[in-house]
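In what follows, a single structure is set out as structure tokens and then discussed.
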Amino acid sequence: MAQLWGGRFTKETDQLVYNFNASISFDKKFYRQDMEGSIAHVKMLGKQGILTEQETQDLVAAVKQILREVEAGELEISHEYEDIHSFVEATLIDRLGDTGKKLHTGRSRNDQVALDMRLYTRQEVLAVDGLLEELLHTLLTIMENNIGTFMPGFTHLQKAQPVTLAHHFGAYFEMFKRDRQRMQDIYRRMNYCPLGSGALAGTTYDLDRYYTAELLGFDGPTLNSMDGVSDRDYLIEYLSALSTVMMHLSRFSEEVIIWNSNEYQFVEIDDAYSTGSSIMPQKKNPDIAELVRGKTGRVYGALISLLTTMKGIPLAYNKDMQEDKELVFDAIDTVKGCLALFNGMLSTMKFNKDKMEASAKHGFTNATDAADYLVNHGVPFRDAHGIVGQMVLYCIDKGIAIDDMSLEELKAISPVFAQDIFEAVSMETCVEKRLTVGAPGQEAMKKVIAQEKETLAQDWKSELPDWEQALLEFPIQNSQN
Ligand code: ARG
């Protein structure tokens with residue numbers, strides 16, 4: 001047991017209590033953010049004359065050294081400490097003696113942990129945005145290559161009207177594009193620094209919270225110290241956005257599973273992204289898509305869990321809030337894993353264009369267009385609807401598609417039909433005539449793709465300050481563990 005407190009206690013903490021309370025097993029995940037926060041805090045204390053120049057230099061150098069050693073695997077974060085904050089402070093005191101004991105001047109673990117979690121999450125908002133960006137690139141490439149790949153569009157999982165693969169994937173492009181916009185919104189709203197809120201009521205030291213905020217790449221300090229230590233809204237927003245990402249991935253997975261089935265055979269998942277059966281030698285299963293669909297529940301669970309944890313907490317900090325970490329970390333790791341794997345599965349997937357086209361042709365997806373043909377020749381729509389209904393019945397009976405009917409057969413149902421009906425109901429015409437913005441017609445699709453390409457070329461992340469490099473003055477590897 002290694003704790004930062006104990007002065008007012010006359011007894012040792014019960015071991016079970018200690019274990020129940022300790023958070024090092026999971027909050028060591030943000031060791032880097034904790035040390036970066038400490039460096040910024042010390043630099044600010046130095047600037048304000050609260051620490052001497054020498055103390056500031058020694059503390060900054062020692063924290064940087066500890067960080068280097070941890071990143072290099074030379075210093076192990078020992079679980080004998082209560083939390084990551086205690087580990088860093090104890091190591092500093094070990095190395096610097098009394099100077100180390102000055103690190104925590106004007107700071108509480110409440111604002112410290114609020115900062116660490118915010119720094120960690122902020123970085124993960126960017127990471128998820130980056131993965132979404134990669135997925136959008138994959139989708140756009142598939143779209144560009146498939147503006148002429150016809151397939152049935154569905155409603156109620158029944159063939160409805162013909163579309164193209166580009167158009168179908170374009171729908172997912174829009175979903176993941178909005179997911180990225182949510183990441184950007186969350187980033188902007190959360191980007192305020194809680195450090196300097198103290199335990200709950202600020203501090204009497206003359207802290208420069210604007211300076212600390214700037215050193216850590218924030219847009220400014222949070223403006224209420226009680227809210228600063230107890231706000232977890234940004235985590236709820238992030239979990240909500242992550243849940244939406246998973247909902248999109250799960251819908252997409254469901255389609256991949258259906259399309260990959262023996263019955264559909266629209267796509268074939270690459271061997272590298274499929275799994276086999278231990279008993280049935282013929283099986284090639286879409287486990288990745290199923291797992292992504294399955295893991296969605298886990299991320300939703302994290303959102304509901306944190307909402308529930310927060311709902312009864314009086315101001316300001318309460319220990320309940322420690323529960324935010326494991327579930328947020330798990331949701332982040334889950335979503336990142338799912339995005340990366342889904343992207344890999346999608347970019348290696350084979351599309352059976354012939355099957356898609358044949359399916360579109362044999363599902364009466366051009367029935368609406370046949371009715372529109374009649375309308376264009378003076379038949380009221382409701383009558384046209386009835387006539388084409390009869391045609392469909394006739395075709396089902398004969399096992400043919402509308403396009404396969406002879407002119408005589410068509411004329412027997414309605415004399416309005418003439419030779420040009422065949423062009424009017426051909427797959428090409430059915431799709432090509434749909435040229436409203438957002439529709440599958442080639443020309444309409446090309447315009448949308450060009451516009452999306454432009455949007456994708458603008459990367460909001462590139463405008464963010466490189467605060468980490470400036471703060472640490474040494475390059476930081478991007479990997480997390
Ligand atoms: N481990 C705590 C958490 O995650 C850090 C803050 C502890 N503060 C306190 N007053 N006990 O929330």
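Heads up: numbering here begins at 1 and tracks the sequence. Whatever order the structure lists ligands and atoms in, that order sets their numbers, starting from 1. Any value given below was found using the heavy atoms of this structure, including those in side chains, with hydrogens, waters and symmetry copies removed.
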Contacts of Glu214 meeting salt bridge (Lys or Arg N to Asp or Glu O under 4.0 Å) (sequence neighbours excluded), chain-then-number -> none
Find out whether Leu59 and Leu51 are in side-chain contact, i.e. whether some heavy atom of one side chain is under 4.5 Å from a heavy atom of the other.
yes
With heavy atoms and a 4.0 Å threshold, my read on which part of Lys325 contacts ligand 1 is side chain
Residue, atom and distance of the protein heavy atom nearest atom 7 (C) of ligand 1 read Tyr317 OH, 3.7 Å
Within 4.0 Å of some non-hydrogen atom of Val113, the atoms of ligand 1 are 3 (C), 4 (O), 5 (C), 6 (C), 12 (O)
The atoms of ligand 1 lying under 4.0 Å from a heavy atom of Gln322, numbered in the order shown, are 1 (N), 2 (C), 3 (C), 4 (O), 12 (O)
Decide whether an N or O pair under 3.5 Å exists between Ser23 and ligand 1. yes
Next on the checklist: Check this for me - ligand 1, Asn110, N or O atoms closer than 3.5 angstrom, yes or no?
Outcome noted: yes
Checking Trp259, Phe169, Phe266 against Phe351 for ring-ring contact (aromatic ring centres under 6.0 Å, His included), the one that qualifies is Phe169
*Could you tell me whether the side chain of Ser240 and the main chain of Ile236 form a donor-acceptor pair under 3.5 Å?*
no
* Does Arg118 make a cation-pi contact with Tyr234, if we ask for NZ or CZ under 6.0 Å from the ring centre and within 45° of the axis? -> yes
